[in-house]
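Starting from 1, each residue takes its place in the sequence as its number. Hydrogens, waters and symmetry mates are skipped; everything else that's a heavy atom, side chains included, is used. Read the numbers this way: they start at 1 and go in the same order the structure lists the ligands and their atoms.
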Amino acid sequence: MQLHELVNTFGQDLQRRYGEKVHKLTLHGGFSCPNRDGTIGRGGCTFCNVASFSDEDAQFMSVRDQLTQRASEVRARKYLAYFQAYTSTYAEVERLRVMYEDALKQADIVGLCVGTRPDCVPDEVLELLVSYQQQGYEIWLELGLQTANDQTLKRINRGHDFACYERVTRKARALGLKVCTHLIVGLPGDTPEDHITTIDKVVEVGVDGIKLHPLHIVEGSVMAKGWRAGRLEAISLDNYVESAVKMIQRTPADVVYHRVSANARRPTLLAPEWCENRWLAMTDIGRALALTGAQGSAIEDSFVYTMPVLKASGYSAR
Ligand code: SF4
């Protein structure tokens, strides 16, 4: 069984709605981050090194050139422009308007995905995004929450709490915007029960999309120091699969999974090693879901450990 038969994946969702493949092209808007420049905090989130997931040189290229270059690397005829790096709503609204419209006016762009923090989405930005949606563009507000546990949010120096996420999510969705929430599994301080509580709270607030990924310990982050000193352990493949599967099973079937795992490359990636291979977690998640139930199958269930069930069914973790 393929993953998209068990999970409502973004790729399939786009294919269904557009009748063809729609590819997401990542962009660097040259934005900064209020959790680094002292506006909200200094030092940033302890897991973060933006260079580990974004092309820092791209910030010196125009939006048009970035889109042209990215589009030449993939095979599709329609695209979503994804402002990914740093906090892509962190600027005067007029500057945002110029950036976003530079992307939207390119041929074959069907919409925008805008990645940001929940405490950095003022009403004028929501109104701007809604105006694009009203013109027929597909608009996703991608909010980094990471976990619903306020103590963990404090520990990783996020600079916002769950209530802040809840406020902006409810407001954005009431205006008709789609919200995709980013969650990290394996943050220090979070237990498997916290992963379940997080997905339950996110679903209860209301959400349209979810991006799930394991904690990557990357060079240049605050966590890298703790990991080198032996104060921090990376999540194992088994534990990630177990939590991801349960989170997916507790997610209503109409919520779209933009991602169920993520990979990273050495030497930037320090741990866990298994994150170098993008297929490992995805394959295991697919196999586990096939054995124990697809997305949405456990919404009413109480907390049950999946791994013993899997192992009894012949599942063998690497
Ligand atoms: S994860 Fe996002 S909010 Fe946190 S420091 Fe990095 S860019 Fe800023």
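- Close approach of ligand 1 to Arg36 (heavy-atom distance below 4.0 Å) involves ligand atoms 5 (S).
- Between Asp150 and Lys154, no side-chain nitrogen of the basic residue sits less than 4.0 Å from a carboxylate oxygen of the acidic one, so the salt-bridge criterion is not met.
- Close approach to Tyr86 involves these atoms of ligand 1, each under 4.0 Å from a residue heavy atom: 7 (S).
- The Gly44 neighbourhood of ligand 1 comprises atoms 5 (S), with distances under 4.0 Å to a heavy atom of that residue.
- The nearest N, O or S atom of Cys45 is closer to atom 4 (Fe) of ligand 1 than 2.8 Å.
- Close approach to Arg117 involves these atoms of ligand 1, each under 4.0 Å from a residue heavy atom: 3 (S).
- A salt bridge between Lys178 and Glu138 is present, with a side-chain N of the basic residue lying under 4.0 Å from a carboxylate O of the acidic one.
- For Glu219 and Arg228, the salt-bridge test passes: some basic side-chain N is under 4.0 Å from an acidic carboxylate O.
- Within the structure, ring pair (Phe, Tyr, Trp, His ring centres under 6.0 Å) pairs that include any residue of residues 96-121 comprise Phe83-Tyr100 (at least two apart or interchain).
- The ligand atoms of ligand 1 that sit less than 4.0 angstrom from a heavy atom of Arg158 are 1 (S), 3 (S), 4 (Fe).
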Side-chain donor-acceptor pairs under 3.5 Å in residues 206-213, sequence neighbours left out?
unit_1	atom_1	unit_2	atom_2	d
Asp208	OD1	Arg173	NH2	3.1
Asp208	OD2	Arg173	NE	2.9
Asp208	OD2	Val179	N	2.9
Lys211	NZ	Tyr82	OH	3.1
Lys211	NZ	Glu142	OE1	2.9

